[in-house]
Amino acid sequence: MSTPSAYTGRFAPTPSGYLHFGSLVAALASYLDARAAGGRWLLRMEDLDPPREVPGAQDAILRTLETYGFEWDGAVERQSARHGAYAAAVDALLARGLAYACTCSRKQLEGQSIYPGTCRDARRSTTDAAIRLRVPDAEYRFVDRVQGEFAQNLAREVGDFVIRRRDGLYAYQLAVVLDDAWQGVTDIVRGADLLDSTPRQLYLQELFGLPQPRYLHIPLLLQPDGHKLGKSYRSPPLPADQAPALLSRALRALGQQPPAELAQGNAREVLSWGVRHWNPAAILRQPSLAEALVR
């Protein structure tokens, strides 16, 4: 499913809630970065965790994106249709001795920020067990287009991490790496809350011999009390009748300078202006929500 295009980007919302202003900023950044480069922009539902999925959220996300003027290339892909690929990858890692079964309970691991390796050499059965990936005592680093250089020692700062949960659900880290490669994604634009996930993904890319995309992690929008603006915290769904105004506000949150009258137009006009004037160098590393809305 790879593409010969020089740039392929994507937006990959999780249907655990409706789109809010923070996710609009992320969608807008990825869309503008792709379109300004003359590239493709894909849409993928990261519906890996059915118990957390809000009924109707997938349809609501699609409707909201359409109302806000976004147009994606190709069909919407869903991770729930990719379980076969994830299973094959886990089996391959187990066969190579790069992964192992872990039967540790949450209570056993309570208070430990890094997995202590209890099951690393225990040769547990993979039945009724999580699967963890062995990580090396090595530093993985990359240069983010906004955040600059980021480095992390996987063994010392992360530890062996889960790639398939005990309940059989696949982990985000594994799925996102496989899906981005399968879809030919060359550039990943997403929130800075995933910055420290990237070294784990670089390691998985290395193990599978996959190309490393370019990364741009946009700053999170924080409330004055320091909480992330997200689905579970003071983050109402996006109203359909405020699309131009909220898109203009999202542009300002990304350091862009749209003219005030643009907010009185329509959504497609705002997006068109954004594509023509997109300047990633103007993105601040970490504005507060208040700063983002008034700039």
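Note that these values count all heavy atoms, side chains included, but never hydrogens, waters or copies made by symmetry.
Formation of a donor-acceptor pair under 3.5 Å by the Arg134 side chain with backbone atoms of Arg120 is found in this model. When atom types are taken as modelled, the side chain of Arg268 and the backbone of Gly69 share a donor-acceptor pair closer than 3.5 angstrom. Remark: the backbone N or O of Asp128 is paired with a side-chain donor or acceptor of Arg166 at under 3.5 angstrom. The backbone N or O of Gln256 lies less than 3.5 Å from no partner atom in the side chain of Arg252, so there is not a single donor-acceptor pair.
At least one test fails for Arg165 against the ring of Tyr170: distance under 6.0 Å to the centre or angle within 45° of the axis. A cation-pi arrangement, defined by a distance under 6.0 Å to the six-membered ring centre and an angle within 45 degrees of its axis, is absent between Arg35 and Trp278.
Remark: Glu110 engages no residue in a salt bridge (Lys or Arg N to Asp or Glu O under 4.0 Å) (not counting sequence neighbours). For Gln108, the side-chain hydrogen bond (donor to acceptor under 3.5 Å, both in side chains) partners are Ser105, not counting sequence neighbours.
Checked by atom type, the side-chain pair Gln152/Glu139 shows no donor-acceptor distance below 3.5 Å. A donor atom on one side chain and an acceptor atom on the other are found under 3.5 Å apart for Asp33 and Tyr7. Donor-acceptor pairing under 3.5 Å is lacking for the side chains of Gln183 and Thr8. Between Glu206 and Tyr140, the side chains place a donor N or O and an acceptor N or O closer than 3.5 Å (distance only, hydrogens not considered).
Aromatic pair Phe11/Trp72: centroids not less than 6.0 angstrom apart.
Residue-environment remark: CZ (Arg276) exceeds the threshold of 12 foreign heavy atoms within 6.0 Å.
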